[in-house]
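To keep things clear, I will list the structure first and then write my remarks on it.
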Amino acid sequence: MKLQTVLEKAAGLQRKRIAVASADDYEIAEMVRQAMEYGIHDFLLIGDEAGIYRILEEKKISGSSLEIVHAGSPADAARIAVQAVHAKEADVLMKGSLPTAVLMKEVLNKEYGLRTGQILSHVAAFEVPLYDRLIFITDVAMNINPDLQQKVQITANAVRAASKLGVDLPKVAPVAAVEMVNPSMQATVDAASLTQMNRRGQIKGCLIDGPMALDIAVSTEAARHKGIGGEVAGQADILLMPNMEAGNVFYKSLIYFAGGKVGGIIAGASAPIVLTSRSDSAESKLYSLAMAICTA
Ligand code: COD
């Protein structure tokens, strides 16, 4: 599967509404324009009303499914957007030009936020030239040093996202530096626990096998060379990273050194959240939106 396929799938789904917090922004308008070209056009744009109208007019964007709601400040925009998703008036939450912390404070609001009791985690879907499928990587942006219980939930969030995108029984490789359990390397101990929890039916809907060094997870040749069998080795769909820092470095390596294309969402809330940043390419923002629509 390619990210373009995810985009086409999102466009073909029953219409989903996207609430954008602080939508008075040129980059957001550009993303809306591109999304509309693919037939994704049900947006609730929240922010400074005059600013949104001016930018849409300048960029010649119009459509009957664009609703604009005025908010006096980024905090107000975040609250209105989150409340709209909470009230099921929108299916996806998207960050516009406001700090992530301002939006996440509203997402985590106990009264009207999007908490589910599960943890929120980042799920990235990569298309890389040398791998034959989309590879999901988690968690590279939210949970800094997850313990075993958090890794169980991070895995569940990624499995759900991959399944929604059409990956049948995703193969999960909890990544470590080695493939043998070493009590001094917590990632290997957690990986072995996750594997056994999966075998005993405590984690369902996927196949987990680890610990795996990265080469074993994604190269059948490397796996064969090291004598590691099983259904996951060499063909992982999901790489569970040992911690955020390893994950984040790997994520950026794929983009800057391997020509990887990526989309990403925050999963685990009652609706998917798109947290794009200014350094993301326009293409990546669109893929993230498509991924959110497909998993909503
Ligand atoms: N899922 C669900 N609820 C959460 C989560 C989560 N991942 N994190 C915090 N909460 C809830 C807690 O239950 C609590 O009710 C409330 O939020 C505040 O919890 P704190 O005080 O532990 O949260 P913070 O604000 O100290 O930390 C949350 C962050 C997400 C800010 C923190 O984990 C963080 O800084 N993560 C790394 C973000 C980052 O730098 N990414 C870099 C790449 S972009």
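Remember, it's 1-based here, ligands and their atoms both numbered in the order they're listed. Along the sequence shown, residues carry numbers from 1. In this text the structure is predicted, and so the values were computed from the model without any measurement.
Contact of the I46 side chain with the V20 side chain is not registered, since no non-hydrogen atoms from C-beta on lie closer than 4.5 Å. Considering only heavy atoms from C-beta on, H122 stays 4.5 Å or farther from T138 through its side chain. Considering only heavy atoms from C-beta on, F126 stays 4.5 Å or farther from R133 through its side chain.
When T100, L108, I266 are ranked by how near their heavy atoms come to atom 4 (C) of ligand 1, first place goes to L108. Counting heavy atoms only, I144 comes closest to atom 35 (O) of ligand 1 of the residues I144, V140, T116.
The protein does not reach atom 8 (N) of ligand 1 closely, with no heavy atom under 4.0 angstrom from it. The protein reaches atom 39 (C) of ligand 1 closely, with a heavy atom under 4.0 angstrom from it. Counting only heavy atoms, the protein never gets under 4.0 Å from atom 31 (C) of ligand 1. By the definition of a contact as any protein heavy atom under 4.0 Å away, atom 1 (N) of ligand 1 is in contact. Protein heavy atoms all stay at least 4.0 Å away from atom 26 (O) of ligand 1.
Heavy atoms of H122 come nearer than 4.0 angstrom to ligand 1 in no pair at all. Taking 4.0 Å as the cut-off, Q150 does not count as a neighbour of ligand 1 on heavy-atom distance.
Using a 4.0 Å cut-off between heavy atoms, M104 makes no contact with ligand 1 at all.
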